[in-house]
Amino acid sequence: MAVASRLKGENDRQHIAVIGDGAMTAGMAFEALNHAGVENSNLLVVLNDNCMSIDPNVGALKEYLTDITTSPTYNKMKDEVWRLLGKISKFGPNAQEIASKVENAVKTTLLKQSNLFESLRFRYFGPVDGHDVTRLVKIMNDLKDIPGPKILHCLTVKGKGYELAEKDQTKWHSPGLFDKISGEIYKPEIVVPQPPKYQDVFGHSIVELAEKNPKIVGVTPAMPSGCSLNIMMKAMPDRAFDVGIAEQHAVTFSAGLATQGLVPFCNIYSSFMQRGYDQVVHDVALQNLHVVFCLDRGGLAGADGPTHHGAFDLAYFRCIPNMIVSAPMNEEELRNLMYTAQLEKVAAPFSIRYPRGNGVMVDWRKPFQEIPVGKGRMVRDGEEIAILTIGHPGNFAVKACDELAIEGLFPAHFDMRFVKPLDAELLHDIFSRFKKIITVEDGCIMGGFGSAVAEFMLDHGYSSSITRLGIPDQFIEHGEQKELYAECHFDATAIKNAVRQQVGESVLV
Amino acid sequence: MEIKPGNLLKKINYPEDLRKMQENELPQVCKDLRDFIIDIVSVNGGHFGASLGVVELTVALHYVFNTPYDQLVWDVGHQAYGHKILTWSKGNFPYQPRLQRH
């Protein structure tokens with residue numbers, strides 16, 4: 001935007017980017033800083049430093065920022081700079097001249113301690129108290145008159161002004177509904193035991209597996225509580241890594257671990273995996289390294305909206321050579337896929353994707369069992385129509401089949417488990433027996449699981465009629481998961497309708 | 001429960017309304033904004049801590065800079081509730097809060 005303004009001659013236009021210290025650990029932030037510095041555009045970066053993402057930030061950058069904040073040399077120099085800046089406001093039109101004096105003052109002092117941002121050709125100001133609005137206004141007014149790339153380092157407290165939120169920042173990142181006076185967070189009353197969240201099944205199961213297999217390590221980019229790797233971080237802190245908001249690094253770091261014979265479980269939200277795609281292709285798959293990708297939030301993520309829906313992973317992983325692409329229908333399947341993925345004989349990139357939220361099994365902690373790679377399973381046999389599902393939506397098909405039976409319709413249901421490799425033996429059998437196929441997935445229809453089944457049909461000369469249910473070719477807004485499944489037409493009701501429609505067609509013919 | 005913005009905040013529908021205020025009124029604007037976010041999120045759910053942390057920053061940015069002519073970019077939506085309240089007009093906010101959960 002700043003470069004565009006310059007090209008358009010809008011030299012009075014200001015450009016401000018607010019970035020958290022968490023987001024600052026991602027490579028792209030540095031790519032932009034590196035470029036902005038040489039473009040000399042009119043840009044103010046406001047670094048909102050609260051030492052937190054959802055969980056506390058980690059890494060050397062965080063320590064660097066803390067060092068700056070507490071350095072006595074720096075603080076002394078800072079006062080001098082602010083004194084000069086005070087003059088700038090008074091001088092008004094002569095601001096440029098004074099600005100260069102300020103710049104020199106800043107640079108001279110800062111070069112001594114080699115300020116990271118200065119070396120990227122940004123003028124660094126701060127740190128300042130991000131909760132003193134009067135001071136912020138004064139400082140920003142001064143900075144407005146200084147041309148070129150600038151960075152203002154603000155120290156803030158996440159949850160400021162709500163005591164409980166300041167104290168437990170992770171819990172209050174997104175607390176749900178609460179009583180603002182007492183601070184009580186409302187939880188739905190639990191009367192009967194509920195199935196666990198898929199993420200917790202992952203969290204507990206990786207610890208169980210790692211206890212038996214010393215090669216297993218866990219990796220997360222800043223999502224210890226979001227993906228439940230925090231369970232392993234607590235149980236075996238030296239074998240579980242939070243690398244910060246840095247998905248590309250999380251993937252290549254895992255690749256590096258795998259080259260040395262370890263078996264990393266790299267847990268990344270499906271949507272955020274998009275940031276590390278090149279690394280998956282080149283650093284893992286091309287070398288056929290044994291990295292297990294656990295993609296949490298696969299499919300429609302609910303209230304978090306279009307940035308968080310994991311719509312594309314089945315399609316974007318399926319086309320990568322060497323990659324095994326799987327999705328469990330329930331907790332037990334998740335555990336068994338995790339168990340299978342870490343076996344030495346598998347030794348290939350292996351992805352397991354599962355949705356946000358709860359599974360379907362209250363009694364989920366069953367003994368691990370190997371699942372042969374590329375083998376699906378028949379959930380129920382039937383006639384005329386076959387419903388092929390991948391992952392959690394298999395449960396929608398179970399419900400649909402139960403209800404259709406009352407109407408006298410008996411479709412067969414297969415949980416394919418793997419999008420790649422597909423279970424060719426099972427598919428040959430299905431296409432030989434059924435002329436009507438319905439595929440169901442919590443992922444984009446285009447290029448996903450249903451597409452894979454259709455390709456199989458074409459490649460082998462079958463001609464069945466296929467209805468593909470899944471996420472349509474558009475960005476889906478936020479909403480409750482249930483509502484979104486219905487809206488995208490792949491919930492139990494939609495499956496029933498698809499079955500009825502297929503039957504109706506046969507009547508017409 | 002009907003949620004009402006504080007006396008100063010209710011005068012602000014767009015950033016130019018904020019810029020008409022006196023500098024010494026800004027701390028009260030911040031307080032109004034913070035209370036409003038707490039009220040809304042407690043009833044409607046959504047992100048909480050991140051937006052509370054940048055209340056003063058948000059007010060200062062819109063007060064000093066000529067938004068939306070000057071361009072302002074936030075890294076994630078869930079620290080931008082204050083920004084949305086100051087720029088979207090308050091009536092919309094309760095219906096738009098659940099944007100992102102990182």
Side-chain angles (χ1 to χ4, degrees), chain A residues 1-2 5 12-20 22-24 29 44 46 48 50 52-54 129-137 139-141 143-144 154 156-162 165-166 169-170 172-180 222-223 226 245 301-305 307-308 478, chain B residues 1 3 18-19 21 23-31 33-35 37-80 82-83 96-102:
Chain A
M1 289 175 180
S5 292
D12 60 331
R13 188 172 259 181
Q14 304 282 335
H15 310 83
I16 308 108
V18 185
I19 182 165
M24 197 70 152
L44 170 64
V46 177
N48 170 28
N50 59 19
M52 289 290 289
S53 298
I54 295 176
D129 175 1
H131 295 302
D132 181 346
V133 70
T134 314
R135 187 148 169 81
L136 284 174
V137 165
I139 291 162
M140 286 178 190
N141 267 320
L143 291 182
K144 232 174 30 173
C154 296
T156 63
V157 177
K158 202 171 168 181
K160 179 75 179 179
Y162 196 77
E166 289 184 38
Q169 301 186 350
T170 301
W172 286 87
H173 174 74
S174 182
L177 308 188
F178 59 94
D179 181 321
K180 69 166 179 166
M223 288 293 159
I245 302 183
D304 297 333
T307 54
H308 283 51
H478 58 90
Chain B
M1 183 182 93
I3 296 163
L18 170 68
R19 290 193 282 273
M21 293 187 175
E23 214 171 299
N24 61 17
E25 293 178 298
L26 296 183
Q28 185 59 41
V29 172
C30 292
K31 186 178 180 306
L33 186 56
R34 177 166 278 121
D35 289 346
I37 293 173
I38 293 172
D39 284 346
I40 297 275
V41 176
S42 67
V43 176
N44 290 313
H47 286 93
F48 192 58
S51 281
L52 291 189
V54 294
V55 164
E56 287 78 12
L57 200 54
T58 306
V59 169
L61 283 167
H62 282 291
Y63 189 73
V64 171
F65 292 98
N66 181 25
T67 51
Y69 177 76
D70 288 344
Q71 303 283 295
L72 177 57
V73 177
W74 294 84
D75 62 348
V76 284
H78 57 238
Q79 62 168 331
H83 166 80
Q96 309 270 1
R98 290 186 298 188
L99 276 187
Q100 292 186 332
R101 182 171 305 159
H102 201 287

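Computed from a predicted model, the values in this text were never measured in an experiment. Just so it is clear: chains get the letters A, B, ... in the order the sequence lines come, proteins before strands, and each one is counted from 1. Quick note: numbers below take in every heavy atom, side chains included, and nothing from hydrogens, waters or symmetry partners.
- With a threshold of 4.5 angstrom between heavy atoms, A/V157 approaches chain B through N, CA, C or O but not through any side-chain atom.
- A/V133 pairs in a side-chain contact (heavy atoms from CB on, under 4.5 Å) with only one of the listed residues (B/T58, B/V29, B/V59), which is B/V59.
- Heavy-atom contacts from other residues, nucleotides or ligands closer than 6.0 Å to CE of B/M21 number more than 12.
- A heavy-atom distance below 4.5 Å is not found between the side chains of B/Q71 and A/I16.
- Among residues 60-67 of chain B, the residues having any heavy atom closer than 4.5 Å to a heavy atom of chain A are, in sequence order, B/A60, B/L61, B/Y63, B/V64, B/F65.
- From B/S51, atom OG reaches atom NZ of A/K160 across 16.0 Å, with rounding to the nearest 0.5 Å.
- The most heavy-atom pairs under 4.5 Å with chain A, out of B/V55, B/V54, B/L72, come from B/L72.
- Here the closest non-hydrogen pair linking A/A23 and B/D75 is CB-OD2, 3.3 Å.
- For the residue pair A/M140 and B/L57, the shortest heavy atom distance occurs at CE-CD1, 3.8 Å.
- Taking each heavy atom of A/W172 and B/F48 in turn, the nearest pair found is O-CB, 3.3 Å.
- Ranking A/A165, A/A2, A/P175 against chain B, the residue ahead of the rest is A/P175, based on heavy-atom pairs under 4.5 Å.
- With contacts defined as side-chain heavy-atom distances shorter than 4.5 Å, the pair B/Y69/A/D12 qualifies.
- If you check the side chains of A/H131 and B/E56, you find a donor sitting under 3.5 Å from an acceptor.
- Taking chain B as the reference chain and counting heavy-atom pairs below 4.5 Å, the highest number among A/N48, A/L44, A/D132 is found for A/N48.
- With sequence neighbours left out, A/T170 forms a side-chain contact (heavy atoms from CB on, under 4.5 Å) with A/M52, A/I54, A/D55, A/P56, A/D168, A/S225.
- Considering CD of B/Q79 and CG of A/N50, their distance stands at 8.0 Å, rounded to 0.5 Å.
- In this structure, B/I38 and A/G161 approach most closely via the heavy-atom pair CD1-O, 4.3 Å.
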key: B/L52/A/K158 under side chain to side chain contact (heavy atoms under 4.5 Å, CB included): CA gap, chis, key distance, verdict   = CA-CA 7 Å; B/L52 291 189; A/K158 202 171 168 181; over 6 Å; no

